[in-house]
Amino acid sequence: MKLVYFAWVRERIGMAEETVDPPRSVETVADLLGWLRTRGDSYDIALGESGAIRVALDHDHADHDASIAGIREVALFPPMTGG
Amino acid sequence: MKLVYFAWVRERIGMAEETVDPPRSVETVADLLGWLRTRGDSYDIALGESGAIRVALDHDHADHDASIAGIREVALFPPMTGG
Amino acid sequence: MAHVRVAIVSEPLDITAEIERVSAGRGDIGAIVTFTGLCRDEDGRLEALELEHYPGMAENEVKRIAEQAAGRWEISDVSILHRHGKVRPGEIIVLVVTASKHRHAAFESAEFIMDFLKTHAPFWKKEHTAAGAVAWVAAKQADDEAEERWNNSD
Amino acid sequence: MAHVRVAIVSEPLDITAEIERVSAGRGDIGAIVTFTGLCRDEDGRLEALELEHYPGMAENEVKRIAEQAAGRWEISDVSILHRHGKVRPGEIIVLVVTASKHRHAAFESAEFIMDFLKTHAPFWKKEHTAAGAVAWVAAKQADDEAEERWNNSD
């Protein structure tokens, strides 16, 4: 599963993308965020305010309770400020 | 008192402007419209549907019950279709 | 107070020049909304619109509408340009430009201006068809209703 | 169905060209509304905005917003152009053009598009100040509320 990060999520984690293989117990976006936070301080700092983290699954906006089964690309980013 | 006419009011009356001296009993716009209609068929046809006649007194929109005392220019015209 | 510019002209209107006039060298504008009202050809039937206006009152009334908008919304600039005389299909009849720090003020003030122009600005449209017929355009009930809604508090 | 044009570009945006593209040779358009979102200089403090975006998703999402607007209002044309990369004060960040026979459809669809772009399009603004400071722009609660109102029936 490919993870892509944007804006301050990217800066805090310290990379723009990576490929991960989470354990089977990680079924939802919320599970994924919890698992990522165990991977190191930079993740914990980036994803700690989880209410501020927005998610897209294969380019579609999704909620934290969405299933990630079959998803190829998960994007994590702050609230958008375009327009 | 100067009268100015626009659009189909002007066309039906057959002139763009004229100067009139209505009798003292003519106090309001409605009075003026009634008096004008006695001046000939063209006026009667132009001003007959009086609900469709809009009025400006010295360049300000006014209702039919407005007083014309002291007014120098009365404009009579159909509902506007600009913009 | 907003910069207000109003013009009633017989020459074609230039939207680019007006946007440029409003925005050139300015760092304080975040949002510009433009409304362009064009002469439609009515499926090819229309040859031209003839716009009669009430000189003197038209300028005053359009300026008053611009100033009402500037008093009601936080806008830094408002331009209203209106054609008179003969207008061909595809040409601009009316051009409204509003500028603000914030987008909602720019949108709402432009829409307010158009609704009031339709019902308050002393202009009358006459259609000349390709077949040679001539007819005054009737006012729309919908325009009165559109203007009415601004009288409610919001 | 409306003509939809969407572009995410790193070059300066040209409002005149886009209006021309929409209106040239057309006799069926009565109303064009444009929204231009400009980079403000924040009283001279700002040197540039840097716009990060999510390639692939940004195009899809902007196109989806354009199509939602086209499905909801009777509009013949909708263009949404958005910059990415570095943008200087006074330059255009986003340009929305909607065209319709009728003005209210053109106004409302353009405002709807802007409200959804703010909350749904994957772009993030970073401020570079003249003093050398760098900071991400925070999302505004007001933008969420602006988007929310379109969920009510109207």
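Treat the numbers as computed from the prediction; the structure is a model and nothing was measured. Each chain gets a letter, A, B and so on, in the order the sequences are listed, and its residues count up from 1.
- If you measure heavy-atom distances from D/Glu50 to chain A, you find no contacts under 4.5 Å at all.
- Here CZ of A/Arg54 is found 10.0 Å from OG1 of D/Thr119. Values are rounded to the nearest 0.5 Å.
- For the atom pair D/Glu52 CD and A/Trp8 CH2, the distance stands at 12.5 Å (nearest 0.5 Å).
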Kindly indicate, with the supporting measurements, whether the criterion side-chain contact (heavy atoms from CB on, under 4.5 Å) is fulfilled by D/Lys118 and A/Met80.
CA-CA 7 Å; D/Lys118 291 271 177 189; A/Met80 291 147 282; over 6 Å; no
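- Here the OG1 atom belonging to A/Thr81 is positioned 7.5 Å from the CG atom belonging to D/Leu51, to the nearest 0.5 angstrom.
- Sparse packing is recorded around CD of D/Glu74, with 12 or fewer heavy atoms of other residues, nucleotides or ligands lying under 6.0 Å away.
- Two rings, from A/Phe6 and D/His53, have their centers 6.0 Å or more apart.
- Of the listed residues (D/Met114, D/His84, D/Glu61), the one with the most heavy-atom contacts under 4.5 Å to chain A is D/Glu61.
- Listed here is the closest heavy atom pair of A/Ala75 and D/Tyr54: CB-CE1, 3.2 Å.
- Of all heavy-atom pairs between D/Arg64 and A/His59, the closest is NH2-O, 3.8 Å.
- For the pair D/Trp136/A/Pro78, no side-chain contact is recorded, criterion being any heavy-atom separation below 4.5 Å from C-beta on.
- Residue D/Ala138 touches chain A through its backbone alone, counting heavy-atom pairs closer than 4.5 Å.
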